[in-house]
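Sequential numbering from 1 along the given sequence is applied to the chain's residues. What you see below is based on every heavy atom in this structure, not just the backbone, and it leaves out hydrogens, waters and symmetry mates. What you see is a predicted model; the values in this text were computed from it and never measured.
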Amino acid sequence: MSTFDHRKYRPTPAPQMRDRQWPSRTITAAPRWCSVDLRDGNQALLEPMNVAQKQRMWALLVKLGFKEIEVGFPSASQPDFDFVRWLIEAHAIPEDVTIQVLVQAREALIVRTFEALKGAKRAIVHVYNSTSPVQRERVFGLDRAGVTAIARQGAEWVQREARKYPATAWTFQYSPESFSNTEMDYAVEVCEAVLDVWQPTPAQPCIINLPSTVESSTPNIFADQVEYFATHISRRDSIILSLHTHNDRGCAVAAAELGVLAGADRVEGTLLGNGERTGNMDIVTMAMNLYSQGIDPELDLSNPDEIIQVAVECTALPVHPRHPWVGELVYTAFSGSHQDAIRKCLQRQQADAPWQVAYLPIDPLDIGRDYQAVIRVNSQSGKGGVAFVMERDYGLSLPRWMQEELAQAVQRTSEADGGEVDSARIHALFMQTFVNDHARVSLKGYRLDRTGGQDTLAAQIMFDQQIQLIQGHGEGAISAFVQGWMRHSGQRISVVDYSEHAIGSGTDAEAVAYIQLNIDGQRVAGAAFDHDTVSASLKAVLSALNRVNVREAIPPAALSPAAS
């Protein structure tokens, strides 16, 4: 019999909400952020951070702009106690930053916590106890009244100890642990007991923090829970309503966002989502979500590579290459249709216009990523990606018909070698495939006369180590050259398409010419470079001619010897 049996589980009860308001609201400003990397994130590590790593993480959090940072559980860990003391004694806490510490609702631990905070200018003391039915009944063996007594007593001990240190500006914070698995009426009841002790005011509010300690419902149910709490708790104007979501269902960010819509003022989380089990709410993701909607996240996330480097070195945890917003491959497109759309949108994007680029929700340049990584090429890529790379790295704006042929060559190479084809290899394939003006037939010089609306061209070419002369007439140098070649070789040639452009700017800029010929019923493309545009166009014709079997099609005797 299979042990994979869904029937053993029950859905999380949803509060009865007849007139919920959060679905019609919009987030218009960033919440108050509190980083818990140094506490919740640290306690989830196989090897907790050492002193140097904690100091480095602290420096990063301050640099990013966090104003509230939970720095440890000083009553439960001597290293945490010592780190709090270092922050205070080394005067490492900026004037606009408030440290936060966590403590259980136990007297000895609360006393020890305030000892750790002695001398701090400001601090948040975060006290908690578990309130869910499974914790009450199976862990503590208490009823509601018994658990409420623990919360009330913990609040009284916090208040008592704070009075011993009047030089510090204290903020009290309470969490009904496992809030999202607690009956909503009881969650309100236990928090009311704490508020009765602390008596917060609008001028001196306390923080009530609502954790989804283990995420067990869809984000909309959590939002209902938050709105229920926010609309049923008293002294709402004296409470900073905070959220602490976990990611067990992969929805921590969504739950926090909907919780803000439901009335929360503050959000706790970690950089890149580190934390127990599947992690805490990822502040980087939520903040960048706001940024992408034109909302100031009030955090400086302009250098994600630094964030990743510090986080990885301090936690020894890797960052997935597809991590939202900051992963290595987030702004990289391999799909041909995606690449083509990105390239076209970037060409039309105006610097002073709202950002509108397909598949790129933000400009990668905003967070220190450049367009080198936006489009990379493998066997799944198409002409758009190849064209983007050639234009970005070499200034070559390939016509569509040349993009298609080059993309096929790149795909064959990727399939043969396996994996990605880098920019240099794509350029080498372009040169090998289309630029053949120095092969068996090459241009040595030309003379162009334009009289009476018609061009007369005399060109010297090298053919099998012999200089030959061809002459022709037509409307333009290419037409005259092709007419002369056909007259002397017997081949049937027509120009299907042609384009040219300068590479770079200035008087010494090089020109590149692209041409597609129909040679005896076969379409053949060629390209060439020269500082003279006419030479570039004639060489492009020769590049195409050199791609067909000139040995059989064009006997040297068919060409006129050059005049001595």
Phe529 to Ala536 - nearest heavy-atom pair and separation: C-CB, 4.3 Å
Determine, step by step, whether Val441 and Met462 satisfy the side-chain contact (heavy atoms from CB on, under 4.5 Å) criterion, reporting the C-alpha distance in whole Å, the side-chain angles of both residues, the deciding distance to 0.1 Å, and the verdict. CA-CA 6 Å; Val441 183; Met462 179 71 76; over 6 Å; no
Can you find a heavy atom in the side chain of Ser442 that is under 4.5 Å from one in the side chain of Asp437? no
Under 3.5 Å, is there a donor-acceptor pair linking the side chains of Gln468 and Gln466? yes
For a 4.5 angstrom cut-off between non-hydrogen side-chain atoms, does Leu38 reach Met57? yes
Go through the steps to decide whether Thr413 and Arg425 satisfy the test side-chain contact (heavy atoms from CB on, under 4.5 Å), and finish with yes or no. CA-CA 9 Å; Thr413 299; Arg425 182 66 176 128; 3.9 Å; yes
So, are Arg32 and Asp265 salt-bridged, with charged N and O less than 4.0 Å apart? no
State the OG-OH distance between Ser216 and Tyr9, to the nearest 0.5 angstrom. 13.0 Å
Could you go through Trp22 and Asn220, starting from their C-alpha distance and side-chain angles, then the distance that decides it, and tell me whether this counts as side chain to side chain donor-acceptor pair (under 3.5 Å)? CA-CA 9 Å; Trp22 65 261; Asn220 64 299; over 6 Å; no
Return the CG to CZ distance between Leu448 and Phe481, rounded to the nearest 0.5 Å. 12.0 Å
Do Ile461 and Ile467 touch side chain to side chain, with heavy atoms closer than 4.5 Å? no
salt_bridge(Glu405, Arg547) N-O dist < 4.0 Å: yes
Exam field: side chain Gln403 to backbone Leu398, donor-acceptor pair closer than 3.5 Å: yes
List the atom of Gly472, the atom of Gln483, and the distance in Å for their closest heavy-atom pair. CA-OE1, 3.1 Å
Is the side chain of Arg447 donor-acceptor paired with the backbone N or O of Thr456 at a distance under 3.5 Å, no angle test? no
Pairwise distance CD(Glu268) to CG(Asp37) - rounded to 0.5 angstrom: 11.5 Å
Which residue pairs pass the ring pair (Phe, Tyr, Trp, His ring centres under 6.0 Å) test when at least one of the two sits in residues 244-271, sequence neighbours left out? His244-His246
Does Glu510 use its side chain to pair, donor to acceptor, with the backbone of Ile503 at less than 3.5 Å? no
Judged by modelled atom types alone, do Asn247 and Glu215 share a side-chain donor-acceptor pair under 3.5 Å? no
Min side-chain heavy-atom separation Leu271-Ile308 under 4.5 Å: no
Just by modelled atom types, is the Val36 backbone N or O under 3.5 Å from a matching donor or acceptor in the Asp40 side chain? no
Between Trp33 and Pro297 (side chain of the first, backbone of the second, donor and acceptor by atom type, cut-off under 3.5 Å), is there such a pair? yes
Keeping Ser212 on the side-chain end and Val214 on the backbone end, is there a donor-acceptor pair under 3.5 Å? no
For atom CD of Gln432, decide whether the heavy atoms of other residues, nucleotides or ligands shown that lie under 6.0 angstrom number more than 12. yes
Determine whether Val326 and Ile307 satisfy the following criterion, side-chain contact (heavy atoms from CB on, under 4.5 Å), listing intermediate values before the conclusion. CA-CA 9 Å; Val326 299; Ile307 297 172; over 6 Å; no
Go through the structure and list residues passing side chain to side chain donor-acceptor pair (under 3.5 Å) with Asp305, not counting sequence neighbours. Arg369
Run the salt-bridge test on Asp300 and Lys63 with the 4.0 Å N-O cut-off and return the result as yes or no. no
Asp393 to Ser423 - nearest heavy-atom pair and separation: OD2-OG, 2.5 Å
Leu538 CG to Leu457 CG distance, which is reported to the nearest 0.5 Å: 6.0 Å
Ion pair check, Arg266 and Glu68, cut-off under 4.0 Å: yes
Please find the pair of heavy atoms, one from Gln43 and one from Glu276, that lie closest to each other, and give the distance. NE2-OE1, 3.4 Å
After noting the C-alpha distance and the side-chain angles of Lys54 and Asn42, does the key distance pass the side-chain contact (heavy atoms from CB on, under 4.5 Å) rule? CA-CA 9 Å; Lys54 283 186 177 181; Asn42 187 51; 3.7 Å; yes
Strictly distance-based, threshold 3.5 Å: is any side-chain N or O of Asn518 a donor or acceptor partner for the main-chain N or O of Ile493? no
Side chain to side chain donor-acceptor pair (under 3.5 Å) with Ser494: which residues, sequence neighbours excluded? none
Just by modelled atom types, is the Ala527 backbone N or O under 3.5 Å from a matching donor or acceptor in the Ser543 side chain? yes
Between Tyr291 and Asp296, do the side chains contain a donor N or O and an acceptor N or O under 3.5 Å apart? no
Are the side chains of Trp355 and Leu360 in contact, using a 4.5 Å heavy-atom criterion? yes
Considering residues, nucleotides and ligands other than Gln21, do more than 12 of their heavy atoms fall under 6.0 Å from its CD? yes
Output for pair (Gln491 CD, Leu545 CG), nearest 0.5 Å, gives 6.0 Å
Any donor and acceptor pair, going by atom type alone, linking the side chain of Thr433 with main-chain N or O of Phe430 inside 3.5 Å? no
Heavy-atom check, side chain of Pro399 versus side chain of Tyr498, under 4.5 Å: no
Roughly how far, to the nearest 0.5 Å, is the SG atom of Cys314 from the CE atom of Met49? 6.0 Å
Side-chain heavy-atom pair Leu258, Leu261 within 4.5 angstrom cut-off: yes
Tell me, do Val330 and Glu328 make a side-chain contact under 4.5 Å, heavy atoms counted? no
In terms of ring plane angle, is the pair Tyr514 and His501 parallel, tilted or perpendicular, where the classes change at 30° and 60°? tilted
Does any donor atom in the side chain of Tyr331 or Asp363 lie under 3.5 Å from an acceptor atom in the other side chain? no
For Arg400 and Lys344, the nearest pair of non-hydrogen atoms, with its separation, is NH1-NZ, 4.4 Å
Minimum heavy-atom separation for Pro219 and Cys251, please, with both atom names. CG-CB, 3.6 Å
Arg322 side-chain N/O to Leu329 backbone N/O, donor-acceptor pair under 3.5 Å: yes
